[in-house]
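Since we're looking at a predicted model, the values are computed, not measured. Proteins get letters first, then strands, A, B, ... in listed order; numbering begins at 1 in each.
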2 protein chains.
Amino acid sequence: MSDVSNKNMKMTPQRIAIMKYLDGNTAHPSAADIYVALQEQFPTMSLATVYNTMETLKQQRVVVELSIDPGKKRFDPNTQPHHHLICIKCKTVLDIFVDFPLPLSDRETGGFQILGNRVDFYGICKTCGDTPREMIQTNR
Amino acid sequence: MSDVSNKNMKMTPQRIAIMKYLDGNTAHPSAADIYVALQEQFPTMSLATVYNTMETLKQQRVVVELSIDPGKKRFDPNTQPHHHLICIKCKTVLDIFVDFPLPLSDRETGGFQILGNRVDFYGICKTCGDTPREMIQTNR
DNA sequence: TACTTGACAAGAACGTTTCTTAGATAATAT
DNA sequence: ATATTATCTAAGAAACGTTCTTGTCAAGTA
């Protein structure tokens, strides 16, 4: 993903900035996160542009959209299949690159054509587990 | 769940109706789904009441909130651990009751205290696979 | 009876996402 | 070089889904 170029989409300064911001980013940012992060660099860029760009990047399979957070889309620049550890307190999402065998028989799928899977583990992250409740700052 | 009574919460006609509607319901309805389904029976009930009730039922562990649908919460009256088959076309969600071993080493979790997991399979359901594109009606 | 508590409807408010419009920019063809 | 076309952008409006606030009512308690 570190190559910021693509023949299938027009590369504009805004898109390049968004892709650079996402490159190597493991925080699974939302559209609003991306928007505020690039505010300084592009004070005139609107949220709609972020959404449009993310939609384009999604279609180009440069990012994956996550529905981990209720009421908020978050994006993952890592398009390799991997799973997530989600902290139910601070909503931090960590990547895990373990491949689990998930066999399903035809009887279980019942004509359903399976294209992919997603495994989410939820629990308490190290920070939230170690830190007294009143000191935890939820990111989102 | 078929027992519509609970000592920890006041049972009102609205709540009883919502619980009855959810009982055995495998469609994973959203708040709006529940609201419109009960419109005829309770024309004066507001959407806020549905949300309040679902929050209460969630805390009583009568339902589980799903973040399967981006931008929409859906609820599952089946609180037994199970996984989901999600059709990416019509958003139908089917339950599967298979238990997969999902071992994670301490190195992989890195201090993360795991409380549960969720496995979502996504693909094309039988109906959407069999039916020509222009005839498919997306439920949501 | 008075007091307290919880639930309700109604609508306002909020956050997220999509849509619409008009103007700017780049690619292609003339 | 100029015209044409398509694409991208900002800006704001609009549409959702969800939460919050307010006033009202009913049930339970002292």
I want to confirm an ordering. Mapping B:Gly71 and A:Ser46 to their closest nucleotides on DNA chain D, which one lands closer to the 5' end?
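Here A:Ser46 is the residue nearer the 5' end.
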In whole Å, I'd like the distance from the [atom1] atom of [X] to the [atom2] atom of [N].
{"X": "A:Ile34", "N": "C:dT16", "atom1": "CD1", "atom2": "P", "value": "13 Å"}
{"X": "A:Gln59", "N": "C:dT18", "atom1": "CD", "atom2": "P", "value": "11 Å"}
{"X": "B:Tyr35", "N": "D:dT19", "atom1": "OH", "atom2": "C1'", "value": "16 Å"}
{"X": "B:Leu38", "N": "C:dA9", "atom1": "CG", "atom2": "P", "value": "11 Å"}
{"X": "B:Met11", "N": "D:dG28", "atom1": "CE", "atom2": "C1'", "value": "17 Å"}
{"X": "B:Leu57", "N": "C:dA7", "atom1": "CG", "atom2": "P", "value": "11 Å"}
{"X": "B:Met19", "N": "C:dA7", "atom1": "CE", "atom2": "C1'", "value": "16 Å"}
{"X": "A:Glu65", "N": "C:dT16", "atom1": "CD", "atom2": "P", "value": "15 Å"}

For nucleotides 19-24 of chain C, tabulate all protein N/O to nucleotide N/O atom pairs closer than 3.5 Å, reporting atom names and distance.
none

Using every non-hydrogen atom in the two residues, find where [X] and [Y] come nearest and quote the distance to one decimal.
{"X": "B:Phe100", "Y": "A:Pro101", "value": "CD2-O, 4.4 Å"}
{"X": "A:Asn25", "Y": "A:Pro77", "value": "O-CG, 3.3 Å"}
{"X": "A:Arg74", "Y": "A:Lys91", "value": "NH1-O, 3.1 Å"}
{"X": "A:Tyr35", "Y": "A:Leu47", "value": "CE1-N, 3.5 Å"}

Ignoring backbone atoms, test whether [X] places a side-chain nitrogen or oxygen under 4.0 Å from the OP1 or OP2 oxygen of [N].
{"X": "B:Lys73", "N": "D:dT19", "answer": "yes"}
{"X": "A:Thr49", "N": "D:dC8", "answer": "no"}
{"X": "B:Gln14", "N": "C:dC8", "answer": "yes"}
{"X": "B:Lys72", "N": "D:dA15", "answer": "no"}
{"X": "B:Tyr51", "N": "D:dT18", "answer": "yes"}

Give a yes or no on whether the backbone of A:Leu38 and the side-chain of A:Gln41 come within a donor-acceptor separation of less than 3.5 Å.
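Side chain of A:Gln41 to backbone of A:Leu38, a donor-acceptor pair under 3.5 Å: no, none is there.
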So A:His28 and A:His82, would you call those rings parallel, tilted or perpendicular, with 30° and 60° as cut-offs?
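Tilted, since the angle between the ring planes falls between 30° and 60°.
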Starting at CG of A:Asp23, measure out to CG of A:Asn78 and round the result to the nearest 0.5 Å.
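Going from the CG atom of A:Asp23 to the CG atom of A:Asn78 covers 10.5 Å.
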Go through [options] for me and flag the one nearest to the [X] side chain.
{"X": "B:Met45", "options": "D:dA10, D:dC8, C:dA9", "answer": "C:dA9"}
{"X": "B:Lys10", "options": "C:dT17, D:dA27, D:dC8", "answer": "D:dA27"}
{"X": "A:Arg15", "options": "D:dT9, C:dT17, C:dC8", "answer": "D:dT9"}

Criterion side chain to side chain donor-acceptor pair (under 3.5 Å) against B:Asp95, the qualifying member of B:His83, B:Gln80, B:His84
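Output: one option passes, namely B:His84.
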Report the residue (B:Phe42 or A:Glu55) whose heavy-atom-nearest nucleotide on DNA chain C is the more 5′ of the two.
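The 5'-side residue here is B:Phe42.
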